[in-house]
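Every chain is numbered from 1 and lettered A, B, ... according to where its sequence line falls, protein lines coming before strand lines. Values reported hereafter were calculated over all heavy atoms of this structure, with side chains retained and with hydrogens, waters and symmetry mates removed. A quick note: this is a predicted structure, and the numbers were derived from the prediction, not measured.
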Protein chains: 2
Amino acid sequence: MSDPLREPTFLILTALVDEPMHGYGLIAEVDRLSEGRVALRPGTLYGALDRLTDDGLVARDREEVVDGRLRRYYRLTPGGEGALRAETERMRRHVETATLRLQGRTA
Amino acid sequence: MSDPLREPTFLILTALVDEPMHGYGLIAEVDRLSEGRVALRPGTLYGALDRLTDDGLVARDREEVVDGRLRRYYRLTPGGEGALRAETERMRRHVETATLRLQGRTA
DNA sequence: AGCAATATATCGGACGCGAAGATATGCTCG
DNA sequence: CGAGCATATCTTCGCGTCCGATATATTGCT
């Protein structure tokens, strides 16, 4: 398999599951998804979107101009959804493993 | 809070929950914990142990010589256990969030 | 008029990981 | 008995992702 996704990348993909979003909108959505814990920075965001586009996990969607400002939308590709599912499952296993170990805490 | 732990680091801490282990032993234990999915490399392992020691998440334990070879043991510190618990909880939230989104998949 | 918010983008540095290799010892099997 | 493999630690170098900072442009709000 591939490398684990880092936290910002994981949350970007998660945010795009429901519907296409534009970059700046993702900042607010990731903030919401993470309950204020993850504040996406521009450098991280746009770098990640370029990379994910190159890797085929997201794709450029429509463009809109609202209030004279360009919004560039991105959507999750099937490959991106698959990657997110795989990553979620990987994390789920690790959480399970660690939780079990931390419960049986006697040594 | 602090930065997320990367996968190898997370598994090293998890492996040390039960009892102190030496570096080379951790390679086998992480392999087992991850069901063969994560093969810890020497560069990653010893780099991580030095870093985690500096950060106070693990500490040097006893040293043994077995068959003429030195074994340098490390143990999880209270701070290390706390960091592992926090990280596990963080991942658990992300897994939950992503799982919910992926389930309600209609768009 | 001026400042915050919206929206995109780029650049440099930090940091963890992986690949590769160096070094040393002892066990095993042909 | 000798060669190779497993055990055990450690270092160096490059890469990828993220962050901090900065740049630029437009509109809304006070």
Side-chain angles (χ1 to χ4, degrees), chain A residues 1-13 15 20-32 34 37-55 57-58 60-74 80 83-84 87 90 94, chain B residues 1-13 15 20-32 34 37-55 57-58 60-74 80 83-84 87 90 94:
Chain A
M1 300 298 146
S2 50
D3 279 350
L5 303 175
R6 306 282 291 272
E7 188 176 52
T9 303
F10 177 85
L11 291 170
I12 288 170
L13 295 186
M21 302 195 66
H22 66 287
Y24 199 81
L26 280 168
I27 295 179
E29 183 63 10
V30 164
D31 182 85
R32 211 183 60 74
S34 67
R37 291 187 183 85
V38 179
L40 219 50
R41 310 308 169 101
T44 304
L45 172 65
Y46 294 106
L49 287 174
D50 286 347
R51 171 170 42 88
L52 292 169
T53 301
D54 287 345
D55 295 347
L57 303 189
V58 306
R60 287 281 267 279
D61 207 85
R62 71 189 185 280
E63 293 188 356
E64 279 177 9
V65 175
V66 176
D67 287 337
R69 294 185 204 91
L70 177 68
R71 289 183 176 177
R72 186 161 288 157
Y73 283 76
Y74 293 84
L84 180 57
E87 179 67 12
R90 202 184 52 75
H94 288 341
Chain B
M1 298 297 145
S2 51
D3 280 349
L5 304 176
R6 306 282 290 274
E7 187 175 50
T9 302
F10 178 84
L11 291 170
I12 288 170
L13 294 186
M21 301 195 66
H22 66 287
Y24 199 80
L26 280 168
I27 295 178
E29 183 64 9
V30 164
D31 182 86
R32 210 181 60 75
S34 68
R37 291 188 183 84
V38 179
L40 219 50
R41 308 309 169 100
T44 303
L45 172 65
Y46 294 107
L49 287 174
D50 286 347
R51 174 171 40 88
L52 292 170
T53 300
D54 287 345
D55 295 347
L57 303 190
V58 306
R60 284 277 195 80
D61 206 87
R62 71 188 184 282
E63 292 189 356
E64 279 177 7
V65 175
V66 176
D67 286 339
R69 293 186 205 89
L70 177 68
R71 289 183 177 177
R72 185 160 289 159
Y73 283 77
Y74 293 84
L84 179 58
E87 178 68 11
R90 200 184 54 75
H94 287 341

Inset, instruction - Report, as a single string ordered 5' to 3', how protein heavy atoms within less than 4.0 Å touch nucleotides 14-23 of chain C: B base, S sugar-phosphate only, - not at all. - result: --SSBBBB--
Inset, instruction - Using atom CG of A:D50 as one end and atom P of D:dC18 as the other, report the distance to the nearest whole Å. - result: 13 Å
Polar atom pairs (N or O), protein with nucleotides 27-30 of chain C, under 3.5 Å:
residue: C:dC27; atom: OP1; partner: B:D67; partner atom: OD1; Å: 3.4

Inset, instruction - Measure the shortest side-chain to side-chain distance between B:P4 and A:R6 over non-hydrogen atoms and say whether it is less than 4.5 angstrom. - result: no
Inset, instruction - Quick one: do A:E63 and A:Y73 satisfy side-chain contact (heavy atoms from CB on, under 4.5 Å)? Show the steps, please. - result: CA-CA 6 Å; A:E63 293 188 356; A:Y73 283 76; over 6 Å; no
Legend entry - Whole-Å gap separating C1' (C:dT10) and CG (A:L45): 13 Å
Legend entry - Between D:dA8 (C1') and B:E64 (CD): distance, integer Å: 13 Å
Inset, instruction - Starting at atom CD of A:E63, determine the distance to atom C1' of C:dA7, rounded to an integer number of angstrom. - result: 12 Å
Inset, instruction - Look at B:Y24 and D:dT7 and indicate whether a side-chain polar atom (N or O) is within less than 4.0 Å of OP1 or OP2. - result: yes
Inset, instruction - May I have the distance from B:M21 (atom CE) to D:dA8 (atom C1'), rounded to whole angstrom? - result: 13 Å
Legend entry - Below 4.0 Å: OP1/OP2 of D:dT9 and any side-chain N or O of B:Y46: yes
Legend entry - Per A:Y74 side chain, nearest of listed nucleotides C:dA9, D:dA6, D:dT11: C:dA9
Inset, instruction - State, to 0.1 Å, how close B:M21 and B:A15 come at their nearest heavy-atom pair, and which atoms those are. - result: SD-O, 4.0 Å
Inset, instruction - State, with a plain yes or no, whether a side-chain heavy atom of B:R37 is found less than 4.5 Å away from one of A:R90. - result: no
Inset, instruction - Work out which heavy atom in B:L5 is nearest to a heavy atom in B:A83; give both atom names and the distance. - result: CD1-O, 4.4 Å
Between side-chain atoms of residues 38-51 of chain A and protein atoms elsewhere (two or more places apart, or another chain), which donor-acceptor pairs fall under 3.5 Å?
residue: A:R41; atom: NE; partner: A:A39; partner atom: O; Å: 3.1
residue: A:R51; atom: NH2; partner: A:T9; partner atom: OG1; Å: 3.3

Legend entry - Minimum heavy-atom distance between A:Y74 and A:V58, given as atom pair plus value: CD2-CG2, 4.1 Å
Legend entry - Distance in angstrom units between A:R62 CZ and C:dA7 C1', rounded: 15 Å
Inset, instruction - Return the 5'-most residue of the pair A:G25, B:V66 with respect to DNA chain C, ranking by each residue's nearest nucleotide. - result: A:G25
Legend entry - B:D31 CG to B:L11 CG distance, which is reported to the nearest 0.5 Å: 10.5 Å
Legend entry - Rounded interatomic separation in angstrom, taking NE2 from A:H22 and P from C:dT6: 9 Å
Inset, instruction - Please report the closest heavy-atom contact between A:L13 and A:G80, naming both atoms and the distance. - result: CD1-O, 4.2 Å
Inset, instruction - Give the rounded distance in Å between these two atoms: CZ of B:R72 and P of C:dT25. - result: 16 Å
